[in-house]
Amino acid sequence: MNAWEGGGRRIHMQEVGTRDGLQAESAFVPTCEKIALVDSLARAGMAKIEVTAFVSPKAIPALADAQDVMRGIERVPGVVYSALVPNVRGAERAIESGVDELNLVMSASETHNLSNLRMTRAQSFAALCEVAGLARQAACAVNISLSCSFGCPMEGNVAEDTVLAWCARFIGEAGAGGITLCDTTGMAYPTQVAALTRRFRAAWPDIELSLHFHNTRGMGLANVLAGIDAGADRFDASLGGIGGCPYAPGASGNVCTEEVVHALGLMGYDTGVDLERLLAASKRLPELIGHETPSQIVKAGRRLDLHQPPQDLEAIRERAHAR
Ligand code: COA
Ligand code: ZN
């Protein structure tokens, strides 16, 4: 495979801005605005949307309205509506609200798992097996997001073998149908992404693999391309590039959905996403969150959004020819 030639290959874009993005914002986005945002992303053609998180409202007040958002959205056929769930309580709330997929989260790094989820990884794993059992009974799909798969801001490098060993346990023992390798704080780099993706794909060709990058060090889009080259076809991204884990020092926004869709479209990939609609949704974000977003495409426009030449272009041309 060669990432430089899309050749119409399908890449699934998975929006996480309404979860990963809004959880990091201090402003509480009104429930009706969250619903409108999810609906506009679905209509723009996102393959999957992580609508919200069913976490403790004390831990993440920005997403305290998870149930109302989930119940209020329009269900566009073909779109998978997912939600982050940390525990049994969250799973019960999510299932009751009708989510298609539970996204369970654990960290590949012990220190990050303790600071984010207040449990050891072994405790998290046992708890998540129970949650996965609940999901199965409710015919709800289970995805596992493995935070810090490309490095931990407190521990440093996380060994590939450690990451893959947790993947093996989640697939084999918890029955996960999908795994997301998360670069929680933007530590991933392209050659590392390619190596881990190849090993994952070789071990589990039929498990849904997603890659989740943050653009903290400007390597987001390069990592996406490296992932595609190594066989990945599902990517998390956030509208406007907002986001970041509140329990990870120095975390910042996800790769920006419109930047990835714009680049992959030019390269001949089929993301199924209508960039025009995506940009319209992204342009509304600053008003909702109270500040500008990092989106370069909102700032600069698309590659072929052209500008007027100078008004006196003809005069310039004549003078130039007369020289
Ligand atoms: N939904 C709603 N409320 C929840 C909940 C859930 N999924 N999980 C816990 N709670 C509530 C409990 O009812 C309890 O409320 P109370 O104080 O009114 O009795 C309170 O939260 C604490 O519960 P406890 O079981 O002691 O959990 P904890 O304090 O150890 O918190 C987490 C554990 C992980 C559930 C919580 O810290 C959390 O939701 N964190 C958010 C993690 C996150 O989203 N990180 C970013 C994404 S990677
Ligand atoms: Zn993230």
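Whatever order the structure lists ligands and atoms in, that order sets their numbers, starting from 1. Computed from heavy atoms alone, side chains included, the values below leave out hydrogens, waters and symmetry copies.
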Close side-chain approach of [X] to [Y], heavy-atom, < 4.5 Å:
| X | Y | value |
| --- | --- | --- |
| I95 | E92 | no |
| E15 | S238 | yes |
| I144 | W166 | no |

Quiz item: Just wondering, are more than 12 heavy atoms of other shown residues or ligands nearer than 6.0 Å to CZ in R71?
Solution: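 It does: R71 CZ has more than 12 such atoms within range.
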Self-check item: For D236, the option from H212, R19, H214 that meets side-chain hydrogen bond (donor to acceptor under 3.5 Å, both in side chains)
Solution: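 Going through H212, R19, H214 one by one, the side-chain hydrogen bond (donor to acceptor under 3.5 Å, both in side chains) with D236 is satisfied by H212 alone.
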Quiz prompt | ligand 1 contact by R19, heavy-atom criterion under 4.0 angstrom | solution = yes
Quiz prompt | Heavy-atom closest contact (T293 atom, G240 atom, distance) | solution = CB-O, 3.3 Å
Under 4.0 Å from a heavy atom of [X]: give me the atoms of ligand 1 that qualify, with their elements.
| X | result |
| --- | --- |
| P57 | 2 (C), 3 (N) |
| N87 | 5 (C), 6 (C), 7 (N), 8 (N), 9 (C), 35 (C) |
| G90 | 7 (N) |
| K58 | 15 (O), 16 (P), 17 (O), 18 (O) |

Quiz item: Do we see a donor-acceptor contact under 3.5 Å between the side chains of T185 and T216?
Solution: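 The answer is no; no qualifying pair exists.
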Quiz item: Do the side-chain N and O atoms of T31 and D65 include a donor-acceptor pair separated by under 3.5 angstrom?
Solution: yes
Test your reading of the structure: does [X] have an N or O sitting under 3.5 Å from an N or O of ligand 1?
| X | value |
| --- | --- |
| Q23 | no |
| N116 | yes |
| V105 | no |
| L84 | no |

Self-check item: Part of S56 with heavy atoms under 4.0 Å of ligand 1, whether side chain, backbone, both or neither
Solution: both
Quiz item: Quick one: does ligand 1 sit under 4.0 Å from the side chain of D20, the backbone, both or neither, non-hydrogen atoms only?
Solution: neither
Practice problem: Provide the atom name of the closest N, O or S atom of H212 relative to the Zn ion (ligand 2). | Solution: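 Relative to the Zn ion (ligand 2), the closest nitrogen, oxygen or sulfur of H212 carries the name NE2.
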Exercise. Is it possible for you to say whether L22 and F28 belong to one hydrophobic cluster, with membership spreading through side-chain heavy-atom contacts below 4.5 Å?
Key: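 Result: no, two separate clusters.
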Quiz item: Do you see an N/O/S atom of D20, backbone or side chain, under 2.8 Å from the Zn ion (ligand 2)?
Solution: yes
